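Heads up: the structure comes next, in structure tokens.
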Amino acid sequence: MTTLRTPCGAPRPVDVGKTMTVYGWVNRWRDQGGLIFLDLRDHSGILQIVLNPQTSPAAHAAAHGVRNEWVLRVDGELRMRDAEHVNTNLETGEVELHAGVCEVLAVAKTPPFAVNEDAEVEEQLRLRYRYLDLRRPRLQRNLRARARFIAVIRTAMVEQGFIEVETPMMIRATPEGARDYLVPSRVFPGSFYALPQSPQLYKQLSMVAGVDRYFQIARCMRDEDQRADRQPEFTQLDLEMSFVDEDDVFAAVEHAISSAWNACEFRGSPVTTPFPRIPWPEAMERYGVDKPDTRFGMHLCDLTDVARTSGFRVFADAVASGGVVKAIRVEGGDDLTWSEIEGRLLDIARAVKAKGLAYLWKRADGWQSGIAKFFTADELEAIGAATGAQVGDCVLMVADRSGIAAAALGALRNHLGRERKLYGSERVDMLWITNFPMFERSEETGEITPAHHPFTMVNPDDLDKLESDPLSVRSRAYDLVVNGHEVASGSIRITDPDVQRRVFAAIGIDREQARRKFGFLLEAFEYGAPPHGGCAPGIDRLVMEGLGEENIRDVIAFPKNQQAQEVMTDAPAPVDESQLRELGLALLPRAREPQ
RNA sequence: GGCCCCGUGGUGUAGCCUGGCCUAACACGCCACCCUGUCAAGGUGGAGAUCGUCGGUUCGAAUCCGAUCGGGGUCGCCA
């Protein structure tokens, strides 16, 4: 069958006169009573088939009654179209296949939505009939782009001396991090495997094993709530390297990603290396977030000094209680209305716990807004100078704890940048964020937790502060950011068992707990561990960014919905009582109730 | 768990704010017939939605109110 097959998108004028066989789906049909025209589609493109009742009555008869999405085999002779009948919208538009034989291989019901175009359809329906959605042009493109992206990455990794190592999918549950998906053991009732949140520990152990350069296109599973860029299972280019520092990891990742990005002609390509690096403190200072979108300016400014002594109580009090006042200047923000600011923009600020949002318009006749009267002329002057505001601009200000003020303005900045179209859709900014802090304090519990993970190497200059002032300790962790989205994170790892124990101690894991949870790793490090580090770029997010897709589900063949259900097969689903019994499991009464 | 948005023939929308003219409109699709150069084919005719569900207000509800279900976005969460 395949040896004689010609892809629908292949025929060209040079093939005219050839006899060929094409297979595909009916994209459109035009039955003129006499002549019938069929547009036949496969993965490669679309070819017009002509059925003539005079010259091929049997084929014509077979094609009569054919409908969209029917599957056909057509034998025929390729002919040139007359000049006036050329269709410039088709790659094959200069030729057409005159059918000698037309065989219906499969009929199709009228699909629940149009397969031959990319019209918007409710996502629930698309997911339920995913095989039809995938047949449509956009997801076909995405599927193929993703495959190519991965193929080029794999080649680039191998060329750089990495070897692909497969790590287990059923592993020991780790207490830290995201919620695990669990797999019950039949042999050991009451014991469970976990699906990997990442192959982190195995790839580090592979370094101890002398692999030197490990990589894997690895599936990772995390049982957390979904987002537009998060799926319960996702794919990472997981990599780890021995005897390296940050520069080596960056170079390897940059080569792999830029090669694949450019080969796929993703937006903004060709991207060039090296990617810029921004230290974490600078990102927070200038952008308010640890994943800055650098495609536009609107940097955060600090007004704390002006606010401290101002007559505006909200500001002065905030500073007096240890807070800060930060601002962004919205160029041409004169068109922002009071109700927009108090509505949508305030909602954005409040979403990250900011208490309020202050604003001043700079107009030709001076500063305007309800709060302008609380400031002296000098103070307004100072605000203008600090923000660089010009006539026609608007200044948005948040007074709060440092982290909240930065987060609120960072969120507003992202929102305004997108809404006011401050960058072109083809622009791509890839950059590294470096110098992350080693720890952060949990908002809820007040406990100190690792900012990245507990195997991240401490910046050697800060080693002596590990016990005395852990929150000031910097790590050797880094993130890769594309257009304001985190697409990778990694670090140089701890390989000194003593440092590892001190880090565990800082986050409240004592020797005994460490031995119990990560004893195998600590033990491994006692047998000659090479210094190593790595990174794990998210394939789904990179492809998403490259294609300009706004949802991760559109770059995954069979994704899950926000409730982590796969609606086509209806997973998850209850299992037989006998299966549970075999695993030594019983459901709590609450779980038995109909959902 | 919080907040926001959406739910009207097969698909996508309009109508909803300001209840009655809605016996629910439009486009695409679907069905039948006509048509020998169409390609977003064209022409003629036709079928198809009690407006997510339940309850309330009203003489009267797609429209107002409440609850609930489903979907999406987001905060929390994601070492």
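Computed from a predicted structure; not experimentally measured. Chain identifiers are assigned alphabetically (A, B, ...) following the order of the sequence lines, protein sequences preceding nucleic acid strands; residue numbering begins at 1 within each chain.
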Q.
Output the rounded distance in Å from CD (A:Glu69) to P (B:rU11).
A. 16 Å
(Q) Once you apply a heavy-atom cut-off of 4.0 Å, does A:His415 come out as touching a base, just sugar-phosphate, or nothing? (A) nothing
Q. Contact class for A:Gln562 (heavy atom, under 4.0 Å): base, sugar-phosphate, or nothing?
A. base
Q. Hey, are the side chains of A:Glu69 and A:Val26 touching, using non-hydrogen atoms and a 4.5 Å cut-off?
A. no
Q. In whole Å, what separates the C1' atom of B:rG60 from that of B:rG56?
A. 15 Å
Q.
Taking any heavy-atom pair under 4.0 Å as a contact, classify A:Glu122: base, sugar-phosphate, or nothing.
A. sugar-phosphate
Q.
What is the distance, to the nearest angstrom, from the CG atom on A:Asp39 to the C1' atom on B:rU38?
A. 9 Å
Q) Among B:rG72, B:rU38, B:rC30, which is the nearest nucleotide to the side chain of A:Arg553? A) B:rG72
Q. If we take the C1' atom in both B:rU13 and B:rG9, what is their distance in whole Å?
A. 12 Å
(Q) Counting only Watson-Crick pairs (N1-N3 plus N6-O4 or O6-N4) and G-U wobbles (N1-O2, O6-N3), all under 3.5 Å, who is the partner of B:rC26? (A) B:rG12
Q) A:Trp29 has an atom CH2; how far is it from atom C1' of B:rG29, in whole Å? A) 11 Å
Q: Starting from C1' on B:rG37, measure out to CZ on A:Phe37 and report it in whole angstrom.
A: 4 Å
Q | A:Ala178 side-chain proximity, nearest of B:rC31, B:rC78, B:rG73 | A | B:rC78
Q) To the side chain of A:Arg81, which of B:rG73, B:rU38, B:rC77 is closest? A) B:rU38
Q.
Would the base of B:rU38 count as contacting A:Gln48 through its side chain, where contact means a donor and an acceptor less than 3.5 Å apart?
A. yes
Q. Is a donor-acceptor contact shorter than 3.5 angstrom present between the side chain of A:Glu224 and the base of B:rG76?
A. no
Q.
Let's test this: given Watson-Crick or G-U wobble pairing with both distances under 3.5 Å, identify the partner of B:rU50.
A. none
Q: Return the value, rounded to whole Å, for the distance between atom CD of A:Glu120 and atom C1' of B:rA14.
A: 17 Å
Q.
The side chain of A:Asn551 is closest to which nucleotide in this list: B:rG76, B:rG73, B:rU38?
A. B:rG73
Q.
Base, sugar-phosphate or nothing for A:Leu125? Non-hydrogen atoms, less than 4.0 Å.
A. sugar-phosphate
Q: When you get a sec, tell me which of B:rC35, B:rU11, B:rU74 is the closest nucleotide to the side chain of A:Val121?
A: B:rU11
Q | Span that lies between the C1' atom of B:rC30 and that of B:rG48, in whole angstrom | A | 9 Å
Q. Distance-only, no hydrogens or angles: does the A:Asp42 side chain make a donor-acceptor pair with backbone N or O of A:Cys8 under 3.5 Å?
A. yes
Q. Using atom P of each nucleotide, how far apart are B:rA49 and B:rU38 to the nearest Å?
A. 37 Å
Q.
For a quick test of reading the model, state the closest non-hydrogen atom pair linking A:Thr6 to A:Val22 and the distance between them.
A. O-CG1, 3.4 Å
(Q) Tell me whether A:Ser56 contacts the main-chain N or O of A:Ala99 through its side chain, where contact means a donor paired with an acceptor under 3.5 Å. (A) yes
Q.
With a 3.5 Å distance limit and no angle check, can you tell me whether A:Arg553 reaches the backbone of A:Asn561 through a side-chain donor-acceptor pair?
A. no
Q: Could you tell me which nucleotide pairs with B:rC64 by Watson-Crick or G-U wobble geometry, both distances under 3.5 Å, or answer none if nothing does?
A: B:rG56
Q: May I ask you to check whether A:Tyr214 and A:Tyr202 place their ring centres under 6.0 Å from each other?
A: no
Q) Base, sugar-phosphate, or nothing: which does A:Ala114 touch, judged by heavy atoms less than 4.0 Å apart? A) nothing
Q: State whether the distance check finds a donor on one side and an acceptor on the other, under 3.5 Å, for side chain A:Arg230 versus base B:rC77.
A: yes
Q: Taking atom C1' in both B:rA14 and B:rA62, compute the distance separating them and give it to the nearest angstrom.
A: 12 Å
Q. Whole Å only: how far is the CG atom of A:Leu345 from the C1' atom of B:rC3?
A. 16 Å
Q.
Quick check: do A:Glu117 and A:Arg28 have side-chain heavy atoms less than 4.5 Å from each other?
A. yes
Q. Does the side chain of A:Gln124 get closer than 4.0 angstrom to OP1 or OP2 of B:rG7 through an N or O atom?
A. no
Q | Atom C1', compared across B:rA25 and B:rG15: separation rounded to whole Å | A | 8 Å
Q. For the atom pair CD1 (A:Ile507) and CD (A:Gln513), what is the distance rounded to the nearest 0.5 Å?
A. 9.5 Å
Q. From the list B:rU38, B:rG71, B:rA40, which nucleotide is the closest neighbour of the side chain of A:Asn561?
A. B:rG71
Q) Using a cut-off of 4.0 Å on non-hydrogen atoms, how would the nucleic acid contact of A:Gln32 be classed: base, sugar-phosphate, or nothing? A) base
Q. B:rC17 pairs with which nucleotide, Watson-Crick or G-U wobble, both distances below 3.5 Å?
A. none
Q: Sticking with atom P, work out how far B:rC26 lies from B:rG37, rounded to a whole angstrom.
A: 32 Å
Q) Is a donor-acceptor pair below 3.5 Å formed from side chain A:Arg222 to base B:rC78, judging by atom type as modelled? A) no
(Q) If you only use heavy atoms from C-beta on, which nucleotide in B:rG37, B:rG71, B:rG76 is closest to the side chain of A:Gln565? (A) B:rG71
Q.
Tell me whether the ring of A:Phe113 lies stacked over the B:rU11 base, given a 5.5 Å limit on centroids and a 30° limit on the plane angle.
A. no
Q: With C1' as the reference atom in both, quote the distance from B:rA47 to B:rC28 in angstrom, rounded to an integer.
A: 16 Å
Q) In whole angstroms, how far is the P atom of B:rC77 from the CZ atom of A:Arg179? A) 11 Å
(Q) Just N and O in the side chain of A:Arg67: are any of them under 4.0 Å from OP1 or OP2 of B:rC31? (A) yes
**Q.** Complementary nucleotide for B:rG76 - Watson-Crick or wobble, under 3.5 Å
**A.** none
Q: Using a 4.0 Å heavy-atom cut-off across all strands, classify A:Ser198 as base, sugar-phosphate, or nothing.
A: base
Q: Return the 5'-most residue of the pair A:His453, A:Asn68 with respect to RNA chain B, ranking by each residue's nearest nucleotide.
A: A:Asn68
Q.
At less than 3.5 Å, do the side-chain atoms of A:Asp225 and the base atoms of B:rG76 form a donor-acceptor pair?
A. yes
**Q.** Ion pair A:Asp75/A:Arg73, N-O distance below 4.0 Å
**A.** yes
Q. Nearest nucleotide by nearest heavy atom, which residue falls closer to the 5' end of RNA chain B, A:Gln197 or A:Arg227?
A. A:Arg227
Q: Take atom CG of A:Leu412 and atom P of B:rC75, then tell me their distance rounded to the nearest Å.
A: 13 Å
